[in-house]
Enquirer: 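Okay, here's the structure, questions in a sec.
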Amino acid sequence: PAMVRLRRSTSFPGWFPGRQSRIALLTSAADLDDWWGMQSIPARLTGKREAEQAMWEVYQFLARGGPIMIPIALGSVTALALLFERLWSLRRVNIIPPNFVKAIRELVAKGEHARAMAACEKNATPAARILESCIRYRELSRGDIKEAIEDVGRHEVAQMNRIAEAIGIIAAVSPLLGLLGTVTGMIQAFRQVVVASARGAIDPSRLANGIWEALITTAAGLSVAIMAFLAYRYLQGRANRLAAEMELTALDMLDDVTG
């Protein structure tokens with residue numbers, strides 16, 4: 001029945017005035033879209049093949065640097081992973097949650113020190129641990145309380161910089177690995193020249209080829225070192241800014257508990 005109705009609507013336009021032309025236009029538009037889609041398939045396949053070819057060429061280029069490229073590549077991946085971890089961990093809400101600090105100060109102002117300490121113990125942030133030490137030693141003199149806060153603060157800042165130091169180590173070691181790869185590559189290149197000269201056939205192009213392949217590791221090591229050093233300095237600055245803010249928060253709490 002559906003086929004019959006379709007044939008009738010196509011054969012007798014008078015039954016459905018104006019619809020036959022619209023059906024023809026829609027059919028033509030659909031055919032045009034299909035045609036353009038089929039025309040773009042070879043372009044997409046060509047673009048994919050070109051991207052794969054480019055990646056393969058980059059891999060072959062880096063592979064000429066020799067085995068020393070493996071630790072350099074691992075160092076770059078490790079530095080990138082540590083950078084993302086620190087960017088997530090060193091967010092202000094993970095170090096000095098503003099609503100939490102405000103709530104603790106309100107409890108201390110009301111004299112509810114036990115509740116304030118319990119809330120600080122439940123909150124696993126550096127600021128909470130510093131405020132907890134300030135409240136815990138509130139019976140001591142102002143100088144002793146400040147010294148206790150400074151001890152906890154130094155420990156928290158060291159923990160904040162602990163993973164960033166690993167990025168600094170990668171920044172320092174990467175160029176040395178690159179230089180080591182260049183030196184070993186140069187040794188191998190000159191050794192091949194000596195062996196070839198003993199046979200009476202010296203090819204300067206072979207020496208030049210060995211030299212530029214040996215320099216790949218230096219370029220790779222310097223590239224990783226520069227990016228890792230910039231990330232290390234940025235994380236240090238971020239940690240120092242948060243540490244200064246924690247110090248101000250601790251001093252405000254010190255004024256609250258000492259009156």
Side-chain angles (χ1 to χ4, degrees), residues 58-59 62 65-104 117-137 146-182 216-254:
V58 171
Y59 169 76
L62 295 177
I68 205 68
M69 290 293 294
I70 296 176
I72 294 177
L74 291 176
S76 66
V77 174
T78 303
L80 188 62
L82 294 177
L83 173 62
F84 286 139
E85 191 277 335
R86 285 291 87 190
L87 290 176
W88 176 265
S89 298
L90 292 180
R91 295 183 303 162
R92 190 175 184 275
V93 68
N94 292 334
I95 305 298
I96 315 171
N99 295 331
F100 172 78
V101 173
K102 182 180 178 180
I104 295 300
M117 289 182 59
C120 289
E121 291 175 354
K122 292 180 181 179
N123 192 283
T125 59
R129 288 185 282 269
I130 292 175
L131 296 180
E132 192 270 337
S133 66
C134 184
I135 300 171
R136 181 182 298 276
Y137 301 110
K146 188 175 181 180
E147 184 177 353
I149 293 174
E150 290 176 351
D151 291 339
V152 177
R154 280 192 294 267
H155 175 74
E156 295 298 332
V157 172
Q159 291 296 315
M160 289 164 56
N161 287 323
R162 179 172 53 87
I163 296 181
E165 291 295 331
I167 300 179
I169 293 174
I170 293 174
V173 172
S174 294
L176 298 178
L177 289 174
L179 182 60
L180 176 62
T182 296
I216 292 176
T217 56
T218 296
L222 289 174
S223 300
V224 173
I226 291 171
M227 292 185 291
F229 180 75
L230 292 176
Y232 170 67
R233 294 298 298 173
Y234 172 77
L235 293 176
Q236 268 197 331
R238 192 166 182 173
N240 291 336
R241 288 192 297 270
L242 291 172
E245 192 171 350
M246 280 196 303
E247 183 179 1
L248 294 177
T249 302
L251 291 176
D252 290 340
M253 179 60 68
L254 180 62

Enquirer: Roughly how far, to the nearest 0.5 Å, is the OG1 atom of T218 from the CG atom of L177?
Expert: 10.5 Å
Enquirer: How close do R136 and E121 get, heavy atom to heavy atom, and via which atoms?
Expert: NH2-OE2, 3.4 Å
Enquirer: Output all residues satisfying side chain to side chain contact (heavy atoms under 4.5 Å, CB included) with R238, sequence neighbours left out; order by chain, then residue number.
Expert: L87, L90, R91, Y234, R241
Enquirer: About how many Å separate CD1 of I135 and CE of M117, when rounded to the nearest 0.5 Å?
Expert: 7.0 Å
Enquirer: Nearest 0.5 Å, what's the CZ-CG distance between R92 and N94?
Expert: 11.5 Å
Enquirer: Checking S133 side chain against I149 main chain: does a donor-acceptor pair fall under 3.5 Å?
Expert: no
Enquirer: Determine, stepwise, if the pair I68 / L180 fulfils side-chain contact (heavy atoms from CB on, under 4.5 Å).
Expert: CA-CA 8 Å; I68 205 68; L180 176 62; 4.0 Å; yes
Enquirer: What distance do R129 atom CZ and E156 atom CD have between them, rounded to the nearest 0.5 Å?
Expert: 4.0 Å
Enquirer: For residues R86 and M160, report the shortest heavy-atom separation together with the two atoms involved.
Expert: NH1-O, 3.0 Å
Enquirer: Does atom OH of Y137 have more than 12 heavy-atom neighbours from other groups under 6.0 Å away?
Expert: no
Enquirer: Applying side-chain contact (heavy atoms from CB on, under 4.5 Å) between Y232 and each of N161, L82, I167, report the one that passes.
Expert: I167
Enquirer: So does E247 have more than 12 non-hydrogen atoms from other groups sitting under 6.0 Å from CD?
Expert: no
Enquirer: T249 and side-chain contact (heavy atoms from CB on, under 4.5 Å): which single residue from I96, I130, L254 fits?
Expert: I96
Enquirer: Kindly write out the residues that satisfy salt bridge (Lys or Arg N to Asp or Glu O under 4.0 Å) with E85, not counting sequence neighbours, or none if the list is empty.
Expert: none
Enquirer: Minimum heavy-atom separation for V157 and A243, please, with both atom names.
Expert: CG2-CB, 3.6 Å
Enquirer: Not counting sequence neighbours, list each pair that qualifies as a side-chain hydrogen bond (donor to acceptor under 3.5 Å, both in side chains) and has a residue in residues 68-82.
Expert: none
Enquirer: What's the shortest heavy-atom distance between A79 and A228, and which atoms?
Expert: CB-CB, 4.4 Å
Enquirer: Kindly give the heavy-atom pair with the smallest separation between I104 and A119, and that separation in Å.
Expert: CD1-CB, 3.7 Å
Enquirer: Nearest 0.5 angstrom please: M69 CE to L74 CG, how far?
Expert: 11.0 Å
Enquirer: Taking all atoms of both residues into account, what is the closest heavy-atom pair of M246 and P126, and its distance?
Expert: SD-CB, 3.6 Å
Enquirer: Within this structure, what is the OG-CE distance for the pair S174 and M227, rounded to the nearest 0.5 Å?
Expert: 9.0 Å
